[in-house]
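Here is the structure we will look at.
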Amino acid sequence: MKKIKKAVFPVAGLGTRFLPATKANPKEMLPIVDKPLIQYAVEEAVDAGCTELVFITGRNKRSIEDHFDKAYELETELSYKNKVELLEHVQKIIPDNVTCIYIRQTEALGLGHAVLCAQAAIDNEPFAVILADDLIDASKGAITQMVELYQQTGSNIIAVEQIDPEDTASYGIVDVYADAVSGLNRVRNIVEKPQPQDAPSNLGVVGRYILNPTIFNLLRTTPRGAGGEIQLTDAIAASLLHETLLACYFDGTRYDCGSKLGYLHANLVYGLNHPQVGADFKEIIRQTAAKLNLI
Ligand code: UTP
């Protein structure tokens with residue numbers, strides 16, 4: 001089985017739900033406490049063994065390239081002031097054996113189109129796709145869990161979780177059954193953003209995928225779907241005619257950081273668990289809750 005060495009990070013979306021914060025800054029650079037969302041995603045990919053990271057960028061996304069680049073001035077300054085720990089944090093953002101490639105999606109035509117933009121960099125290899133705005137807190141990274149399943153099966157894999165049945169119109173929704181022979185969770189059907197009455201289940205796709213390169217031919221012929229965008233879900237649905245698709249019920253907690261509430265929730269939990277500020281933050285929350293009569 002081929003190893004998963006490449007990971008694609010589509011970061012070219014407009015991030016309209018976070019305007020005006022995302023007018024000039026990418027959503028993926030929003031911090032959870034002190035680390036931007038995209039760095040959590042990159043760390044997850046690197047932990048899973050990926051060494052080639054492909055970012056699909058758009059306008060106003062330069063800060064992502066800068067974030068993963070060497071910052072000579074900053075490093076000199078930190079070193080001069082003997083701020084050793086901070087210097088290490090800044091230098092360790094990308095390990096030496098990892099390469100970053102940036103490809104511009106000139107128009108935000110949808111997630112499927114963004115993934116198609118990665119074709120030249122991916123070539124004929126299986127790859128991971130990570131949406132940084134789905135932050136997953138897990139002791140073993142979600143992509144690592146999926147890579148392990150890929151090594152056993154060689155199949156396309158999507159991460160899924162139970163979602164509120166009211167929210168189906170915000171997700172790709174899958175119909176899953178247990179394969180009689182392998183016992184693995186196979187996807188029978190996948191639909192992008194159905195209304196609750198049309199949804200085949202309340203199992204939603206979250207932003208982690210392992211895909212074989214056969215997906216590119218399908219993406220090339222995928223017409224615009226929900227929201228007038230070229231949807232990755234539609235190409236994956238077309239793959240079901242010829243290929244097995246597995247659902248991975250990953251272990252971990254997902255925060256939808258593309259929405260304001262999910263983002264605030266993640267900051268609350270990561271803030272409480274933060275080694276430097278967690279204890280003081282807890283006290284602030286306790287005092288604030290008492291002052292506002294929340295408890
Ligand atoms: P979203 O559906 O969250 O869209 O995209 P968005 O534009 O980022 O945010 P809103 O809905 O306007 O607030 C899911 C992922 O796909 C990427 C986004 O960057 C995000 O990681 N994407 C989306 C692209 O890279 N290109 C696109 O054309 C669309």
Side-chain angles (χ1 to χ4, degrees), residues 7-32 36-42 44-45 53-65 67-68 100-122 127-136 142-143 158-161 163 167-173 190-194 204-209 211 215-216 219-220 222-236 254-264 266:
V8 176
F9 302 87
V11 292
L14 300 177
T16 52
R17 283 169 292 168
F18 266 98
L19 283 169
T22 47
K23 182 166 177 243
N25 287 309
K27 168 172 75 174
E28 295 79 9
M29 284 301 289
L30 291 173
I32 302 297
L37 281 166
I38 190 68
Q39 192 178 331
Y40 289 96
V42 160
E44 191 181 323
L53 312 182
V54 183
F55 298 83
I56 307 301
T57 71
R59 266 178 291 284
N60 297 330
K61 303 286 178 171
R62 248 198 52 200
S63 57
I64 295 180
E65 291 184 44
H67 185 73
F68 293 111
C100 296
I101 299 169
Y102 299 91
I103 296 174
R104 191 87 170 224
Q105 184 190 22
T106 45
E107 258 185 291
L109 294 179
L111 175 59
H113 181 256
V115 172
L116 182 57
C117 291
Q119 183 172 17
I122 298 298
F127 60 103
V129 178
I130 302 185
L131 306 188
D133 49 3
D134 267 338
L135 175 65
I136 299 180
I143 281 290
I158 49 176
V160 299
E161 70 174 15
I163 54 140
D167 293 340
T168 56
S170 303
Y171 290 87
I173 301 293
I190 176 168
V191 196
E192 182 64 10
K193 302 190 167 80
V205 179
V206 309
R208 301 290 184 279
Y209 309 77
L211 297 170
I215 198 71
F216 292 121
L219 280 169
R220 219 172 294 116
T222 300
R224 288 178 190 239
E229 295 187 336
I230 297 170
Q231 297 290 353
L232 181 58
T233 303
D234 293 343
I236 292 175
R254 179 189 68 109
Y255 299 94
D256 174 10
C257 294
S259 78
K260 293 185 186 80
L261 270 182
Y263 177 73
L264 290 171

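Start at 1 and go down the list; that is how both ligands and their atoms are numbered. Being a predicted model, the structure only gives us computed values, none of them experimental.
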Does ligand 1 have a heavy atom under 4.0 Å from the side chain of [X], from its backbone, from both, or from neither?
X    : answer
E229 : neither
E28  : side chain
V11  : backbone

Check your understanding: Which word best sums up how the rings of F55 and F9 line up, parallel for under 30°, tilted for 30 to 60°, or perpendicular for over 60°?
Key -> parallel
**Study point:** contact_flag G258 ligand 1 heavy-atom lt 4.0 Å
**Key:** no
Practice item. Scan the protein's non-hydrogen atoms and note whether one is under 4.0 Å from atom 21 (O) of ligand 1. Key: yes
At a 4.0 Å threshold, what atoms of ligand 1 neighbour a non-hydrogen atom of [X]?
X    : result
G110 : 26 (N), 27 (C), 28 (O), 29 (C)
L109 : 28 (O)
A108 : 28 (O)
A114 : 24 (C), 25 (O), 26 (N)
R17  : 3 (O), 9 (O), 10 (P), 11 (O), 13 (O)
K27  : 3 (O), 6 (P), 8 (O), 9 (O)

Look at [atom] and say which protein heavy atom is nearest, naming residue and atom and giving the distance to 0.1 Å.
atom                    : result
atom 25 (O) of ligand 1 : A12 N, 2.9 Å
atom 14 (C) of ligand 1 : L131 CD1, 4.2 Å
atom 17 (C) of ligand 1 : P10 O, 3.7 Å
atom 24 (C) of ligand 1 : G13 N, 3.4 Å

Revision key, fill the gap. Between C117 and the options V54, V8, I103, the side chain to side chain contact (heavy atoms under 4.5 Å, CB included) test singles out I103
Review point. So, do L111 and Y209 sit near enough that their side-chain heavy atoms are less than 4.5 Å apart?
Key: yes
**Study point:** Option among H67, E44, E28 that satisfies the side-chain hydrogen bond (donor to acceptor under 3.5 Å, both in side chains) test with Q39
**Key:** H67
